[in-house]
Amino acid sequence: MKTIRMALVSVLGASLLAAQVTYERIVDADNEPGNWLTYSRSYDSQHYSPLDQIDKSNVNDLELKWVFQADETTKFQSTPLVVDGVIYVTHSPNDIAAIDAATGRVFWRYRHTIPEGISVCCGLVNRGLAILGDSLFMATIDGRLMSFDAKTGSIRWDVKIVDNKDGYALTVSPLVVKDKVVIGTAGGEYGIRGFVDAYDAKTGKHAWRFWTIPGPGEPYHETWEGDSWKRGGGSVWVTGSYDPELNLMYWGTGNPAPDWNADVRPGDNLYTDSVIALNPDTGKLEWHFQFTPHDWWDWDSVQIPVLVDMEFKGEQRKVILWGNRNAFFYVLDRATGEFLLGKPFAYQTWAVGLDESGRPIVRDGMQPTPEGTKVYPSVQGATNWYAPTWHPRTKLFYLSVWDRYPSIYHKGDATYVRGTRYPGSFPEGIYPDIVKDEEIGFGAIRAIEPATGERKWEFRLTGVSESGLLSTAGDLIFSGSKEGHFLAVDVDEGKLQWRISLGSRMANSPITYLAGGKQLISVASGFGLFTFGLRE
């Protein structure tokens with residue numbers, strides 16, 4: 001049956017599936033805005049598209065063009081790639097579909113079987129693919145990195161990276177830089193020792209590894225007391241960004257382990273809850289910045305680094321813009337890691353503020369206790385892993401916010417057992433719909449002025465959003481809500497321009513591209529990928 005399927009692909013889809021995606025094409029992504037060649041469209045991860053066929057004057061003429069339904073009924077967190085008229089998308093657990101972007105017709109599918117009994121923190125999810133040449137790359141829940149022929153879906157190489165019995169899993173969408181495929185590992189809730197890995201794109205040969213938890217003899221190993229570093233967490237489960245001019249990659253790292261009982265891991269616990277700047281050729285660390293030292297609250301810093309060249313205090317700077325889960329917005333110099341600005345973008349009670357180096361000044365009495373301590377933001381954070389966006393005309397930074405939702409943080413025993421969860425108790429109020437509190441919060445899209453950290457406007461949602469943001473040259477921002485609304489607001493004032501109910505939660509980033517010369521927009525809702533275009 002497999003042979004028949006591949007034969008059909010070669011006859012029906014060869015003309016569309018023959019494209020070669022070079023590293024140079026990804027670097028010059030703005031020169032081909034009709035494609036979506038990497039996880040965030042471009043290496044700077046601005047989640048901005050230069051396409052402008054759909055704008056404020058005609059957005060109400062959007063209509064559904066086609067729907068792709070996944071075979072599995074679990075979270076759809078993948079952001080698709082679009083290459084010359086073909087969509088490549090993953091869905092749970094690690095299945096791939098190649099789809100005609102104009103019609104939704106499926107060219108081929110790959111179905112991956114994972115072993116029974118695999119336990120992961122947050123669902124059998126996959127966040128997407130990378131492409132180089134005519135090869136696709138996928139990291140899998142069962143700890144593999146795989147290469148596929150983009151024309152047929154056949155496997156080119158398959159490398160085992162981690163052992164699930166140690167609590168590891170791979171959910172990240174890989175990042176291709178030059179001739180290497182770069183990934184990180186999930187599993188911070190299981191007491192793993194996190195890392196970033198690079199592999200040769202042609203052969204799958206291992207190139208280098210950077211441990212996000214430094215071992216003996218490595219810089220900052222002293223930020224872990226005793227042998228706590230062996231199971232320190234620091235997972236990397238959302239795709240980083242890359243600056244070709246500086247030749248630096250930027251990756252956000254996850255929480256230290258165990259959660260909610262930091263007594264067993266005295267110290268700052270580097271490089272958890274940090275951004276790390278790595279040389280993609282060697283894996284060498286150039287600099288780091290830690291957002292939440294000695295994290296008590298599980299505020300992973302895996303948010304997508306947004307790279308912008310802008311004027312800051314009268315000087316042109318290459319900066320990173322970062323809305324952190326801990327409720328602070330940061331501006332960092334991306335060449336040096338210098339802290340430039342930090343300011344809350346949502347209500348928080350855990351810190352008095354940030355000092356001159358950007359280190360938080362923690363309020364007394366904010367740590368988890370056996371009885372429970374109410375802290376803002378909640379364990380889900382004031383934002384999370386979903387993509388923010390930057391618009392080059394408005395020069396504003398936009399992000400999804402969960403505001404005025406607390407959690408009750410409890411501290412308990414933390415006993416490590418290989419391959420099982422390694423928490424120090426669990427908080428109350430993981431999601432807003434189960435928080436029992438006199439102050440019920442809200443979700444919003446907010447616009448921030450990066451030079452000052454000041455809020456310019458907000459659009460309040462019904463409920464909260466787990467969807468990333470997409471801004472366009474049509475002066476629109478597209479996003480979705482946990483309730484299933486797909487919507488567009490204008491970039492200048494945040495006024496609602498268009499909305500439709502798709503009936504189920506959205507937990508990926510909308511993308512936009514060209515098919516047959518016409519701009520389309522795709523977003524995942526529930527277990528389907530919904531695609532919209534202008535009414536003809």
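Just so it is clear, the structure is predicted and the values come from calculations on it, not from any experiment. One is the number of the first residue; the rest follow in order along the sequence.
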Worksheet item: For residues Asp300 and Trp385, is any side-chain donor paired with an opposing acceptor at under 3.5 Å?
Response: no

Item to complete: For the residue pair His288 and Tyr271, categorise the inter-ring angle as parallel (less than 30°), tilted (30 to 60°) or perpendicular (more than 60°).
Response: perpendicular

Worksheet item: In this structure, are over 12 heavy atoms from other groups packed under 6.0 Å from Tyr220 atom OH?
Response: no

Discussion item. Would you compute the distance between atom CD1 of Ile131 and atom OH of Tyr88 and round it to the nearest 0.5 angstrom?
Written reply: 5.0 Å

Practice prompt. May I ask you to check whether Thr152 and Ser154 show a side-chain donor-acceptor distance below 3.5 Å?
Written response: yes

Item to complete: Would you check if there is a donor-acceptor pair between the side chains of Gln303 and Asn384 at a distance under 3.5 Å?
Response: no

Item to complete: Report yes if some heavy atom in the side chain of Met138 is under 4.5 Å from a heavy atom in the side chain of Thr90; otherwise report no.
Response: yes

Worksheet item: Between the side chains of Ser78 and Asn126, is a donor N or O closer than 3.5 angstrom to an acceptor N or O?
Response: no

Fill in: Sidechain N-carboxylate O distance under 4.0 Å for Lys178, Asp281
yes

Practice prompt. Give, for atom CG of Leu321 and atom OH of Tyr398, the distance between the pair rounded to the nearest 0.5 Å.
Written response: 12.0 Å

Item to complete: Please check if any side-chain donor atom of Asn326 sits under 3.5 Å from a side-chain acceptor atom of Thr292, or the reverse.
Response: yes

Response to the item:
Taken to the nearest 0.5 Å, the spacing of Asp243 CG from Arg334 CZ works out to 4.5 Å

Worksheet item: In terms of side-chain geometry, is the basic nitrogen of Arg325 or Asp273 positioned less than 4.0 Å from the acidic oxygen of its partner?
Response: no

Discussion item. If we ignore hydrogens and angles and just use 3.5 Å, is the side chain of Ser274 paired with the main-chain N or O of Thr272 as donor and acceptor?
Written reply: yes

Worksheet item: Would you say the side-chain atoms of Tyr405 and Asp403 include a donor-acceptor pair closer than 3.5 Å?
Response: no

Worksheet item: How about Ser135 and Arg156: does a side-chain donor come under 3.5 Å of a side-chain acceptor?
Response: yes

Fill in: Main-chain N/O of Lys230 paired to Asp227 side chain as donor or acceptor, under 3.5 Å
no

Worksheet item: Between Asp166 and Arg193, does at least one N-O distance fall below 4.0 Å, as a salt bridge requires?
Response: no

Item to complete: Classify the side-chain pair Asn261/Ser425 by whether it contains a donor and acceptor separated by less than 3.5 Å.
Response: no

Worksheet item: Is a donor on one side and an acceptor on the other found under 3.5 Å between the side chain of Arg505 and the backbone of Glu466?
Response: no

Worksheet item: Are the side chains of Asp71 and Arg109 in touch, meaning some heavy atoms are under 4.5 Å apart?
Response: yes

Item to complete: Report yes or no: is the cationic atom of Arg209 (NZ for Lys, CZ for Arg) under 6.0 Å from the centre of the six-membered ring of Trp211, at an angle within 45° of the ring normal?
Response: yes

Discussion item. Once you measure the plane-to-plane angle for Phe328 and Trp350, does it fall in the parallel (<30°), tilted (30-60°) or perpendicular (>60°) bin?
Written reply: perpendicular

Worksheet item: Do the charged groups of Arg418 and Asp163 touch, with an N to O distance under 4.0 Å?
Response: yes

Worksheet item: Taking side chain as C-beta onward, heavy atoms only, is Phe68 less than 4.5 Å from Val106?
Response: yes

Fill in: Trace of the side chain to side chain contact (heavy atoms under 4.5 Å, CB included) decision for Trp296 with Met366
CA-CA 9 Å; Trp296 283 90; Met366 290 293 104; over 6 Å; no

Worksheet item: Any side-chain donor-acceptor pair under 3.5 Å between His206 and Asp200?
Response: no

Practice prompt. Only one of Tyr330, Phe291, Phe289 passes ring pair (Phe, Tyr, Trp, His ring centres under 6.0 Å) with Trp322; say which it is.
Written response: Phe291

Worksheet item: Between the side chain of Ser481 and the main-chain N/O of Glu483, is any donor-acceptor distance below 3.5 Å?
Response: yes

Discussion item. Would you say Thr171 and Arg127 are linked by a side-chain donor-acceptor pair, where the criterion is simply a distance under 3.5 Å?
Written reply: yes

Discussion item. Would you call the rings of Tyr250 and Trp287 parallel, tilted or perpendicular, taking 30° and 60° as the class edges?
Written reply: tilted

Discussion item. Under a 3.5 Å distance rule, please check whether Ser504 uses its side chain to pair with a backbone N or O of Gly484 as donor and acceptor.
Written reply: no

Item to complete: Determine, for Lys411 against Asp263, whether the closest basic-nitrogen to carboxylate-oxygen distance falls under 4.0 angstrom.
Response: yes

Practice prompt. Check the side chains of Asp259 and Asn255 for a donor-acceptor pair under 3.5 angstrom, ignoring hydrogens and angles.
Written response: yes

Discussion item. Tell me if a side-chain donor or acceptor on Thr389 pairs with a main-chain N or O of Leu470 at a distance below 3.5 Å.
Written reply: no

Item to complete: For Pro214 and Pro219, work out which heavy atoms get closest and say how close.
Response: CB-O, 3.3 Å

Worksheet entry | Side chains of His294 and Asp268, donor plus acceptor under 3.5 Å | no

Discussion item. Can you confirm whether the side chains of Asn247 and Tyr242 place a donor and an acceptor under 3.5 Å from each other?
Written reply: yes

Worksheet item: Would Thr415 and Asp413 count as having a side-chain donor-acceptor pair, cut-off 3.5 Å?
Response: no

Worksheet entry | Crowding at NZ, Lys160 (>12 non-hydrogen neighbours, <6.0 Å) | yes

Response to the item:
Here the gap from Tyr168 atom OH to Ile192 atom CD1, rounded to the nearest 0.5 Å, amounts to 5.0 Å

Worksheet item: Are any of the side-chain nitrogens in Lys202 or Asp179 under 4.0 Å away from the carboxylate oxygens of its partner?
Response: no

